[in-house]
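Here, residue 1 is the first one in the sequence, and each next residue gets the next number. Only heavy atoms go into these numbers, but all of them, side chains included; no hydrogens, no water, no symmetry mates.
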Amino acid sequence: MHGLSKHPIVLILAAAALVAVAATPTLQLSPNDGKARAVASGEIDVEAMQEAAVADGIANADAASIPVGGADCTNGFAGPYPCENVDLESIVHLAELGGATGADVWGWTDGKTGREIAISSMTYGMAFVDVTDPTAPQVLGRVYVGWEGEDDDVLWRDVKVYESHAYLVSEHDATNLVIFDLTRLRGVHSDQGEFEPDAVFDGFGSAHNIAINTETGYAYVVGGDVCAGGLYMLDLSEPTAPTEAGCFDGDGYTHDVQCVVYDGPDAEHRGDEICFASNEDTLTIVDVTDKANPVQLSRTGYPSAAYTHQGWLTDDHGTFVFGDELDELLGTVSATTTYIADVSDLDAPATITPFTHETTSIDHNIYVHKGLIFEANYSAGLRVMDFTDESLADGELTQVAFFDVDPGPEAPAFAGAWTAYPFFRSGTIVLNSFDSGLFVLTLDESLLPPHGKGKGNGGPPQDRGNRPNDGGRPADR
C-alpha cells in the first residue's frame, strides 16, 4: 500500500521558503492575508525562514529521484519516508500535475461510477487525479486559473466540492470563484490536458479560502476582498450560478471556517447553522441561520495566540480542534501545538487547552473523521491522533500514525505537508505537499472504527454536516 503528497501554505513565510526551492519561480505574497503584517513588521525573519527550509533539505530536493511507486510502512519507513501505520500507495509529482508548488486538496466520489477523484490545487490552478486504484493514480486533466507565466504564481488556492461541482478560489488578483462540473470527468481515463471551467462567479476578486456546508447548500468565502475578509455567503442552489446571500464582517478577517447544522450539546442552538471561524487571534462562533442577519455568539482567545489558522469539529460537535500557524515560529509555544476548545456552550466556550506534540514543525490543516484527527504539519508530515471524550477534557491526544513527506531534519518552515483529505469511503488518503506533489496513502485498518461515544460512526461524509460531501447526494451522479 503506498502514497505521496506535499505542500507548504499560507504564509508570508511560505513565499520565502519557496524562494529557496530550486527552480521555483518568484511568488507573489497576498495583500489579503493578515500574516503579511508579521513579515512587514519584522516579527517574522524571512531570511531565517529561508535558511530553515534549506537546512531541512527542501531546496536541494531532486524531485526526479523521488520514487513514484508505493511502499508498505516497514520498520519505520516506506521507501525513504519515515512513517508509522501509514503505507505509501503512490506519488504524483508536481510536474505531472502541472504546477510549480502544491496547495489545498479535496476529493470527489462519483456517485454513479464510484470513482474517487482527488482535486489538487496548485500555483496555476487545479488538477484532477483518479485515485480509485491508489497504486495507479491517473491525472485526468487540469484547469488553469489566473496564470500568465512563471512570474505570475500564487501560493494560495483552495477548493471544495458541492453537488459534483468543484469550487476554486485563489488569492491571485481577480481570480473570482471558478466552478467546474466534475461529471465531465466521466469516461475520461487519460490526461486530457486543459479543461475550461463551466462558470466563473465574479462577485469578488480574490479570497483565501472557501467552505461549503453541504447540508444547507451555502458556501462561505473567507479572507477575500469583499465583506472585510469575513464570511461572504453564497447560495449554491444553482451550482453554476451562485447568488449572494449575506455577509458577516463583525470580527474582521476570517482565515478559515467550518459551518454546520449544529447538533451538539448546546440545546439552545441545535438545528441552527453555526460557523466556527479561525479569525487570526480568536475562535469566533457565528450563527448564520438568518443569512441577512448573522449573529456573533462568542469570540474566544488564548494566551499563546499568534495566528489562529484552521480547525474542525469532532463528530459530536462538542469540541473544536484547531491550529495556530505562527505560534511555533514566533515562539509563543516551544513545540508543535494543537488547540482543543470545549464548545459545548457556544455562547461561552470553555478555556482553550493546548496539546504539545513531540515535534517542532509548524502545524497546518486539520480534519476529524471516523474518530481520528488528521493533521498536516508541514515538515513533520501527516500526523494522525486518537482521542476519547475524557482525553479531550484533559487536553490530551494520542498519536497513532504518521507519514513524513519531507524526510530530513525537521524545521519550523513552510514546506512539506499542506493538507490531507481523509474522507474517501475507500479509506484512501490523499495528501498534497507544497514542494513534491500528491501522495496517495492508506491507514492501518486496525486504527479505524468502531470507536467509543462521541467519536462518529465512520459513515459517508454526507451523513453529518461537519463532514464534507465528497460525492453529491447518494442517489445523485
Side-chain angles (χ1 to χ4, degrees), residues 211-216 218 220 256-278 282-289 297-298 300 302 308 310-323 338-355 365-375 383-401 420-425 427 429 443 447-470 474:
I212 299 176
N213 184 350
T214 58
E215 279 196 295
T216 62
Y218 283 93
Y220 298 86
D256 209 325
V257 69
Q258 182 189 11
C259 300
V260 304
V261 175
Y262 181 73
D263 187 24
D266 191 338
E268 178 185 355
H269 296 288
R270 284 184 198 142
D272 294 338
E273 188 165 10
I274 305 296
C275 290
F276 296 78
S278 297
T282 62
L283 164 60
T284 299
I285 301 177
V286 185
D287 185 336
V288 295
T289 307
L297 301 180
S298 60
T300 308
Y302 49 103
T308 313
Q310 180 269 355
W312 208 251
L313 286 167
T314 53
D315 293 326
D316 63 2
H317 291 185
T319 305
F320 188 74
V321 182
F322 68 95
T338 299
Y339 295 90
I340 301 169
D342 179 348
V343 291
S344 55
D345 182 349
L346 300 185
D347 299 284
T351 301
I352 293 172
T353 305
F355 169 74
N365 288 341
I366 299 171
Y367 295 106
V368 181
H369 185 50
K370 293 186 175 180
L372 297 172
I373 295 170
F374 295 81
E375 186 169 327
R383 300 283 155 163
V384 182
M385 291 164 286
D386 202 352
F387 58 88
T388 64
D389 293 343
E390 293 74 19
S391 72
L392 288 177
D394 293 336
E396 291 294 330
L397 306 173
T398 301
Q399 180 175 296
V400 294
Y421 178 86
F423 300 106
F424 283 127
R425 293 177 178 88
I429 299 167
L443 185 67
L447 300 177
L448 299 177
H451 278 300
K453 176 183 177 183
K455 301 198 63 183
N457 60 11
Q462 59 265 37
D463 283 355
R464 287 294 301 269
N466 71 309
R467 295 178 184 160
N469 183 329
D470 69 353

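Each of Ile274, Val286, Asp266 was compared with Leu297 under the side-chain contact (heavy atoms from CB on, under 4.5 Å) criterion, and only Ile274 meets it.
Put simply, NZ on Lys370 and CG on Asp315 are 11.0 Å apart, with the number rounded to the nearest 0.5 Å. Annotation: the span from Phe423 atom CZ to Ile429 atom CD1 amounts to 10.5 Å, rounded to 0.5 Å. Considering OH of Tyr262 and CD of Glu268, their distance stands at 10.0 Å, rounded to 0.5 Å. In this structure, CG on Leu392 lies 9.5 Å from OG1 on Thr353, to the nearest 0.5 angstrom. How far CZ of Phe374 is from CZ of Arg383: 14.0 Å, rounded to the nearest 0.5 Å. To the nearest 0.5 Å, atom CD1 of residue Ile340 and atom CD of residue Glu396 are 7.5 Å apart.
When side chains are defined from C-beta on, Thr300 counts as touching Ile352, because their heavy atoms get closer than 4.5 Å. Using a 4.5 Å heavy-atom threshold, the side chains of Leu346 and Asp272 count as separate. Side-chain atoms of Leu283 and Val343, non-hydrogen and from C-beta on, do get closer than 4.5 Å to each other. Side-chain contact check for Val288 versus Tyr220: some heavy-atom pair is nearer than 4.5 Å. Put simply, the side chain of Ile366 reaches to within 4.5 Å of the side chain of Gln310, judged on heavy atoms. Contact check for Ser391 versus Thr398: no side-chain heavy atoms found under the 4.5 Å cut-off. Counting heavy atoms from C-beta on, the side chains of Val368 and Leu313 never come closer than 4.5 Å. At a threshold of 4.5 Å between non-hydrogen side-chain atoms, the residues Thr319 and Phe387 do not count as touching.
Here the shortest heavy-atom pairing between Phe322 and Ala341 reads CE2-CB, 4.2 Å. When every heavy atom of His317 is checked against every heavy atom of Val261, the shortest pair comes out as CE1-O, 3.4 Å.
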Next item on the list: Check the pair Asp386, Leu447 against side-chain contact (heavy atoms from CB on, under 4.5 Å), reporting the backbone distance first and the verdict last.
Entry: CA-CA 9 Å; Asp386 202 352; Leu447 300 177; over 6 Å; no
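Listed for the Arg270 side chain is a donor-acceptor partner under 3.5 Å among the backbone atoms of Gly264. Judged by distance alone, the side chain of Ser344 and the main-chain N or O of Gly318 form no donor-acceptor pair under 3.5 Å.
A donor-acceptor pair shorter than 3.5 Å can be found between the side chains of Thr282 and Thr284. Side-chain contact of Tyr339 with Thr308: a donor-acceptor pair under 3.5 Å is absent, judged by distance alone.
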